[in-house]
J.: 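Here it is, the structure, as structure tokens.
So you know, we letter chains A, B, ... as the sequences are listed, proteins then strands, and number each from 1.
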Protein chains: 2
Amino acid sequence: MADDIGAARRAAPEGRALDMAGLDQALGFRLRLAQQFVFREFAAHFAPLELSPVLYSALLLIEANPGCRQTDLAAALGVRQPNLVERIDSLVQRGLVSRSPDPDDRRANVLKLTPAGQRFMVRAHAVHDRHTRQLIERVGEENHDKLVEILERLY
Amino acid sequence: MADDIGAARRAAPEGRALDMAGLDQALGFRLRLAQQFVFREFAAHFAPLELSPVLYSALLLIEANPGCRQTDLAAALGVRQPNLVERIDSLVQRGLVSRSPDPDDRRANVLKLTPAGQRFMVRAHAVHDRHTRQLIERVGEENHDKLVEILERLY
DNA sequence: TATTGTTATACTCTATAACTATA
DNA sequence: TATAGTTATAGAGTATAACAATA
């Protein structure tokens, strides 16, 4: 008997599970783990396209709003302007986005997809569809939709 | 008329709202904004205690699992061991946690709350309760519970 | 050989202040 | 005066590799 207990202990040396003390019912804790998971899945899907969530979101909004300005894009993405500059730089350098001064307001830049950027987005949309379908498979379509609805209400 | 349009434009210089192109229905996008919001609220509530979400979670688990090891704590928190070391350091330096070598396995450390740490957690629990009640007020209790349930299923 | 804790390091995301050029 | 974009910088959070001590 004592040997069996010892064997069980040796067979499970991956560490002892802790009493979670209700932490697993805390919204902030769940949000952090869930976001880590979803972003890891996103990164795995989008690795071939070398797109982070914010880069994909930026391309998506520029596609839907050709001629938009960086200020409005930052506000829509929930990112500060200074943190958007280098990311736009990278999209311009990759030939996906054009940034040109707005003739009506020469302080502002006008953002558009280049033809290469438009072709690139065909692939990106397909990858995002696969990513989304995988998430829906994981939690069920009702739960997925409910999740988005409540999260939208939260913020 | 033209003057009115001009006035309306000047009265709303906060920027133009963009076509969100379905981005606001994307789970990853919603998760990012929701987590930003919840963490900001958390930070506002816990500023007097100088606790980040991970620091509070660590204290909570040490309180519920006196004598636990850093490996198991890191696994429970969803954090890598190297990233936990300095945070434990700070809790030890603040006199809230004691870290002593495990006599049964001298590679390992044993973590416990100090008496000061136990007193500190009375305040921390009260602050977390207020934080949680505010989140529940925002989305409703049913939605809050549903949210935690689905997020738990997601990860 | 494998594991615990640690150090060093790097990369990302986020935040603010201050600058420029325009308005 | 205020705004658009930029630069510089600082602070979290997270990731891996490699090491010493111990099992």
J.: In terms of the nearest nucleotide of DNA chain C, which residue is placed more toward the 5' end: B:Arg32 or A:Pro103?
T.: B:Arg32
J.: Assess whether one donor atom and one acceptor atom, taken from the side chain of A:Arg106 and the base of C:dT22, lie less than 3.5 Å apart.
T.: no
J.: Above 12 or not: heavy atoms from other molecules or residues under 6.0 Å from CZ of B:Arg99?
T.: yes
J.: At less than 3.5 Å, do the side-chain atoms of A:Arg80 and the base atoms of C:dT14 form a donor-acceptor pair?
T.: no
J.: Can you see if the side chain of B:Thr71 gets near the phosphate of C:dG5 - specifically, an N or O under 4.0 Å from OP1 or OP2?
T.: yes
J.: Assign each of A:Arg107 and A:Arg40 to its nearest nucleotide of DNA chain D by heavy atoms, then name whichever residue's nucleotide is nearer the 5' end.
T.: A:Arg107
J.: What integer distance in Å separates B:Ile88:CD1 from C:dT7:C1'?
T.: 16 Å
J.: Take the protein atom CZ of A:Arg87 and the nucleotide atom C1' of C:dC13, then report the distance between them rounded to whole Å.
T.: 6 Å
J.: Can you sort out the partners of A:Gln35 under side chain to side chain donor-acceptor pair (under 3.5 Å), two or more places apart, ordered by chain and number?
T.: none
J.: With nearest nucleotide decided by heavy atoms, which residue, B:Phe39 or A:Pro82, maps closer to the 5′ end of DNA chain D?
T.: A:Pro82
J.: If we count only N and O atoms by modelled type, under 3.5 Å, do the side chains of A:Gln134 and A:Glu41 hold a donor and an acceptor together?
T.: yes
J.: Check the distance between C:dA15's C1' and A:Leu84's CG and give it to me in whole angstrom.
T.: 14 Å
J.: Look at the side chain of B:Ala108 and decide which nucleotide, out of C:dT14, C:dT6, C:dG5, has an atom nearest to it.
T.: C:dG5
J.: Tell me: CZ of B:Phe37 to P of C:dC13, nearest whole Å?
T.: 23 Å
J.: So what does A:Asp105 touch, heavy atoms closer than 4.0 Å: a base, only the sugar-phosphate, or nothing?
T.: sugar-phosphate
J.: Are any non-hydrogen side-chain atoms of B:Phe120 and B:Arg123 less than 4.5 angstrom apart?
T.: yes
J.: Rounded to whole angstroms, how far apart are CG on B:Asp104 and C1' on C:dT3?
T.: 16 Å
J.: Over all strands shown, is B:Asn83 touching base, sugar-phosphate only, or nothing at heavy-atom distances under 4.0 angstrom?
T.: base
J.: Below the 4.0 Å mark, does D:dT6 have OP1 or OP2 next to a side-chain nitrogen or oxygen of A:Arg99?
T.: yes
J.: Below 4.0 angstrom from OP1 or OP2 of D:dT22, is there any side-chain N or O of B:Arg69?
T.: no
J.: How long is the line joining CG of A:Leu33 and P of D:dG13, in whole Å?
T.: 14 Å
J.: Atom CD of B:Glu86 to atom P of C:dG5: distance rounded to whole Å?
T.: 16 Å
J.: Rounded to whole Å, please give me the gap between CZ in B:Phe46 and P in D:dA12.
T.: 17 Å
J.: For a quick test of reading the model, state the closest non-hydrogen atom pair linking B:Ala58 to B:Leu73 and the distance between them.
T.: O-CD1, 4.2 Å
J.: Determine the contact category for A:Gln81: base if any of its heavy atoms lies under 4.0 Å from a base atom, sugar-phosphate if only primed atoms, P, OP1 or OP2 are that close, otherwise nothing.
T.: base
